[in-house]
Amino acid sequence: MGGAVFLLSLSPQYPCGGAQPPLPPLAERTADGFLVPQPGHTFQFPRDHGSHPGFKVEWWYVTGHLFEVGTKERFGFQATFFRRAGAPPGEAVKKSGAFRSDQLFLFHAALLEVRSGNFLHTERLSRAGWDASSAEDTLDVQLNGNRLFLDPAQPETFHLDTRIRNDARLQLTLRPSKPLVVFGEDGLSRKGDSPEAASWYLTFPRLAAEGQLQFGGRTLRIGGEAWMDHEISSSQLTQEQTGWDWAGIQFEDGREIMVYRLRRKDGSTDPASALFWVDAAGKTVRFGADAFRWEGAAQWRSPRSGASYPLPVRLSVPDPSSGQNADFVLEPLGADQELGDSGSGIPYWEGACRVKSNGKVVGSAYVELTGYAGSLNRALK
Amino acid sequence: MKEAPAQVVVKQEGTRASKSAVDQGRARVVFMLLRQCTWRHWRHQPRRTALLVLLVSIGVSVFLSMRLANRAAVASFTQFAEVLTQQSDAVLTPRAGLLSETVLDQLKAARQSEEGLSGLEEIIPIVETSAALPRSRTDREQGIGSRTSFTLLGVDLISLQNLATSKNLDRSWFSQGSNGEAAASQEGGFWKLLERPTAIFCAQSLAEEEGLQVGSKWSLIMGERTVEFELAGIIPSRPDQPTAPKNLLVMDLPALQVLSGKEGRLDRVEFLFNRSTRTTPAQAERTLAVLSRTLEAFGNVRSPESRQAAAEVMTRGFRLNLTILSLIALLVGLYLIFQALDAAVVKRKTEIGILRAMGVTAAEVRWAWLWEALLLGCAGGAAGVLGGWALAQGTVRAVSQTVNTLYYASNTTAAALHLDEAMGAMLLAITSSLVAGWLPAKRAAATLPAQLWAQGTGGSAVLKTPTQRGWLWGFGLAAAAAVLAFCPPLILEGGTPFSLAGYASAFLGILGVGVLAGETLPSAGWLAARLGKLSPARRLANSHLRQPSSRHRWAVAGLVCAIAMTGGMAILVGSFESSVSGWIRLALQSDIYITSDANQNASANSHMAASTWKGITAEAAVADWDGLLITRVELPGGPVRLNGTDMAFNKRHEPLLWLDPPRTDAVFSADQNEDLCVVSESFTARFRIYREGTVRVPTPTGERTLKVAGVYTDYGDDKGIILVDRRHMQRWFETDQLSTLALVLQPGTDAEAFRAQTRAAYPGLAVYTNAHLRAEVMRIFQQTFAITYALEGIGVLVALAGLGTTLASVLAERRAELTTLRALGMSHAEIAQVAAWEGALLSVVGTLGGLLASAGLGALLVFVINKQTFGWTLQLALPLPPLLFLALLIPASGALVAWTAGRWGADLPVDRAD
Amino acid sequence: MHLSAIECRLVSKQYDARPVLREVSLQVAPGERLALTGPSGSGKTTLLNCLGGIDRPDSGEILIGGEPITRMQGSELADLRRRKLGNIFQFFHLLPTLSVRENVEFPLVLLGIEGPERKKRAQALLERVHVGHRADAFPSQLSGGEMQRTAIARALIHGPAVLLADEPTGNLDSANGANILSLLSELTDETKTALVLVTHSAEATAICHRIVQMRDGSLQSSGR
């Protein structure tokens, strides 16, 4: 999970540890006519890597940690394509031609040059049509020249081509080093007690990345590891939720953690929050809201939005392999990695971090903190 | 013999001063002359000084107001989109018809692959159409161009958000009128907006004027129907952003495509470069070149400056003419200044003589006079600038209306005062004053003092041109004018012809006749002396003309100039009216004319759908009909109208006024005329393609090579028309729409009833009966000349004023003579009569000369200037009423003015210096 | 210092083919007062104007203080007039927009004499000619006599070598006229200025050292 504020789709999860009140049955459609993801869905690929226009919101989210070949100069990157349906299926809106009104696309990209702390980011909005589209039979989503697509000739090889204004261009080839993970129970992720709040949450928790970065007048050969999410849903935050904290952690031992903490208006953690360990083979173990602790070790205040983000993050969770509690500190590789602050969006923090345990670096992560600059709820209407 | 008196210490100043000391002293002396003589003269005679300033300022005011009005009318050709996107760096326009949306795919691919397009930041497709307010409640047809027209701009409103983001512009107005709160619910509520197919945004000023709020419903005519729009938001006016013009309406692009029947099509695509490319001219040029090459097949890529320039070129002929005409007032003013300064020199020549006698050099005298002229010029110029700006507010509306009707949408109501125009006007004022003051000052300074005094105070010439030279000059100028009349026009940038030789010929011709008229004054006096019984007053008046002063000559020349201009223009206008009437009689033969009510200006191009025109033409009352499809295409030499008509209808009813008729009837038959066309006279003048020539016309379905079968006259357009068979043109442009219909009704059908019935059935259409349309066309032509009439009137008034001031100053100098006359027993009334006769004689000579010059000028305007500028052949017509009116009015007014001056002069006390 | 203040050699002039001066030769010594008499049209005013450089003879030579003015042009001539010549006219010819004081100061201004010095000299001379009390009046406010006295002061303020007077008492009553003549006589004696006086008046000739008669453009006689 990840992504911009307005395309949030959460559903409550049954925790591994701790009691959870039973959730109401799932609806087939939302009140305004969109499809609701159902459990037991048989995913077919490459079709399900593509677009699902019957559902309200969808995103493809890629983050990663890259190193220049040779110098080991470090970079962090994020590229996210969001799709949002303009009208429920069946409603009469313009669905063809160069200027469609049935789908809206938003694109975010960011690049952090760790050494200098230089953080570049861009955001672009487009309606479906000549400048933005997503295929329905395979992964091929593009907006204004930025593109994420599945190589038609090579199965399970993805390509990402993204520009950050005129300042940088990143071209990567991504090959999953682990199988696809579908988070949730029976292929469905529920993040709240609404009958509409469900999503299909597909993740490649580790991909080998290689390619080139044009930056600062130079062309660099780069390589590293990436993380790719694809989430499909039609729901929004419940009334009581104001935002979430999320992290995708890649450990040096080949395991990963995906964690989200939903925050309520009163500041407490929503019971639907969850944490997943992914082992080397790709099997997941889930921990409920009361099984892990997430808190900020300090605060970073944005000079632009004025929002205060709890960074670095201290995460405490049982380690299934050892049975012991593990404490991690997620330290930002650059303090200012705030996005969405350019006048029209809601600011949020999304950044590359190093992961430490007992003072030692044990992995890398991408952390996302939303809802710290005004309530998310207002934005999602 | 006297004894030596007590000594008074008086030093002998015998040594010669060094040359350098003399030079140094010059400035000092000049300044002293200005301070102690000039300034005090002004102070003692404030009215006279004020009059001089006024004369300069009138000429400058009129000229400046024309320039400001012209500029305002042209500036109104905004490209609208820049309000939303800021000034674009390049624009792609199709050569014919519309752009296909596939151009965007081409651009998308090119942007990824072409290195040369790395500087391209934004691609902004645009759809544009026009709409008009519905007519008022009365059913009567209103005048063409009488209602406000709007430009509807369709842009991708989603894409606009990105511009807001990257340029930090305030786009919160996008979220007005949608569900949810403002900034926070940006795209969510905004998205709802896109689902409303008639949602529009308008400028704050319009909303206030029409009393609109978000959510208001508002109807406009588009195409042939009334569309009810919903106001989704208001573009606020902010000081740091270009203000949205009042007649701009913004819609989501796909919605406007549907409303205007342009699905899958675009009017143009605008481009924004990134900052570094925009600010590096070489890079911008390169990007423009790559774009041009990439999109060659789709149309032309140009910078917005060149589009603005193209719009200026469209109206240049019209505007230049206005500017030239406005020079009339300046020219006549020039005469007056000359006379006035000459009079001042004469009046002060005793003083000049004294100064010279005391050792003031000729150069110092000259410098002092030039400075005086300069100061007058500055004062007059400053007053003229203010006056010009004020006057422009009145003229701008007239100019704008004409541009609107004849060229493109323009409804400016205010003219701003631009610094460069004001400076230009000041320069003109100063130059005119210097030119006018130069000769009198030079002559006065150069003449020996004794001769100055010997010339007496009788008001005789500072300039005493020997008569032979005068005749020589006069005939020489007239001959030069005649030669220039046969010269071809100057072709300006953009292909606009400028009849420089024609205007020069007019100027020299009028000057020549003016000089000759002055030379005939003695003969006029001689002739007048032999007509009837001579009263003492008449005898005296004649005698004054036996040796006319320079000021008499200049007064006559001024009258000649003003009358020539007035009469010449009257002849042009009369010829125009007569030609246009004749043309209309032939061209407008149908009973009913129908077009979209949204076509309120020359650039509006609303069409009727096939269902509409087919429905109308199928009515039983319609005996015959023609439908016109009008569009603009881009030829290498510039844009030109391409009209499709039923050529067979043209054969049946013969509405075309042929200059070079077709040699065969092939062009009238749809089976044979696919590669044939006829063109208008202006087309041939502009593109130099005549009958039997070939023209290559771009169309959306490919270029067509057409042979010109004939040339016809069309006074409605000065840029040229290509006429082809409508059936082929509809195929080439892949449309079945029409722009206008002309219906011939069954005999006995009541045209008015048919009109009313059609209007009721199609509220979005304008339906004109033949009579009404003819009246409209004439009204538009008259409106075009409205400014001309005003200018002529001013010219004549100024000339008459000049006559009055001349006589007044002449009288003032004849003070000694007045004493003698009174001593001899002449009454005040009789003395006034002397002046009246003198004035009447001057006026008669001026009028005759003026009428003669006006005939020449009229012919020049009709056959040379008009033909070269607009390409129209007119039939020369002499409008007797206005000419007769001039012939009677001027001498009568002149006599009246002179009589008034005479009464004033007769009442002057003799023994006091004035 | 030259022997003659004015020297005139074979000066001739025509107006419209009518001879006005016929080979006139004349000399005037410094400080000498010469009366030029003769009937109307005899050419005396023309001769005076030629002597003053405000008209140009067709032939012959005129030297003022030894400087040949007939060969001078433009600013050179003007410069000579500033330094060496003073003019008095029948119709006074005061500058109408200048006050009495300013009229008198004018020649000094032309010579570049500074303010205080100039004012001092003008005031002294104005007193001398008895118009000091009218120093701030304008010509339109003066009587004939006052105007002519002002004109005399103006003509002498710069200490010219030659004073040319054309009927200086022609427009004045006898009392004023006598006054003027007396002033002229005194002042020219004081300053050793040569005076050429065109006149019909016996009183005027009486103050002169020599009388020269002109008829039809030629000098007829010269004597006392």
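Naming: A, B, ... by sequence-line order, numbering from 1 per chain.
- By the salt bridge (charged side-chain N to carboxylate O under 4.0 Å, His left out) test, B/R275 pairs with no residue at all, sequence neighbours left out.
- Every residue was checked against the side-chain hydrogen bond (donor to acceptor under 3.5 Å, both in side chains) condition with A/W349, not counting sequence neighbours, and none meets it.
- Here the shortest heavy-atom pairing between B/L104 and A/A98 reads CD1-CB, 4.2 Å.
- Interface residue B/L253: only side-chain heavy atoms are found under 4.5 Å from chain A.
- Within the 3.5 Å criterion, the main-chain N or O of A/W130 finds a donor-acceptor partner in the side chain of B/K108.
- Using a cutoff of 4.0 Å between basic side-chain nitrogens and carboxylate oxygens, B/E122 and A/R124 are scored as salt-bridged.
- Residue B/Q257 touches chain A through its side chain alone, counting heavy-atom pairs closer than 4.5 Å.
- One finds the CG atom of A/D131 at 7.0 Å from the CD1 atom of B/I123 (value rounded to the nearest 0.5 Å).
- For A/R169, the part lying near chain B is the side chain, with the backbone staying farther off; criterion is any non-hydrogen pair under 4.5 Å.
- Once rounded to the nearest 0.5 Å, the distance linking OG of A/S101 with CD1 of B/I158 reads 8.0 Å.
- With a 4.5 Å cut-off on non-hydrogen atoms, B/Q112 touches chain A through its backbone and its side chain both.
- No side-chain heavy atom of B/P254 sits less than 4.5 Å from a side-chain heavy atom of A/R100.
- Looking at A/N144, the atoms closer than 4.5 Å to chain B (heavy atoms on both sides) sit in the backbone and in the side chain alike.
- Within 6.0 Å of CD on A/Q214 lie more than 12 heavy atoms contributed by other residues, nucleotides or ligands.
- Comparing B/N274, B/D105, B/L107, B/D156 by how many heavy-atom pairs each has under 4.5 Å with chain A, the most go to B/D156.
- The distance from the CG atom of B/L266 to the CZ atom of A/F99 is 5.0 Å, given to the nearest 0.5 Å.
- Interface remark: B/S276 contributes no atoms to any contact with chain A (heavy atom separation under 4.5 Å).
- B/N162 and A/E123 get closest at one heavy-atom pair: OD1-O, 4.2 Å.
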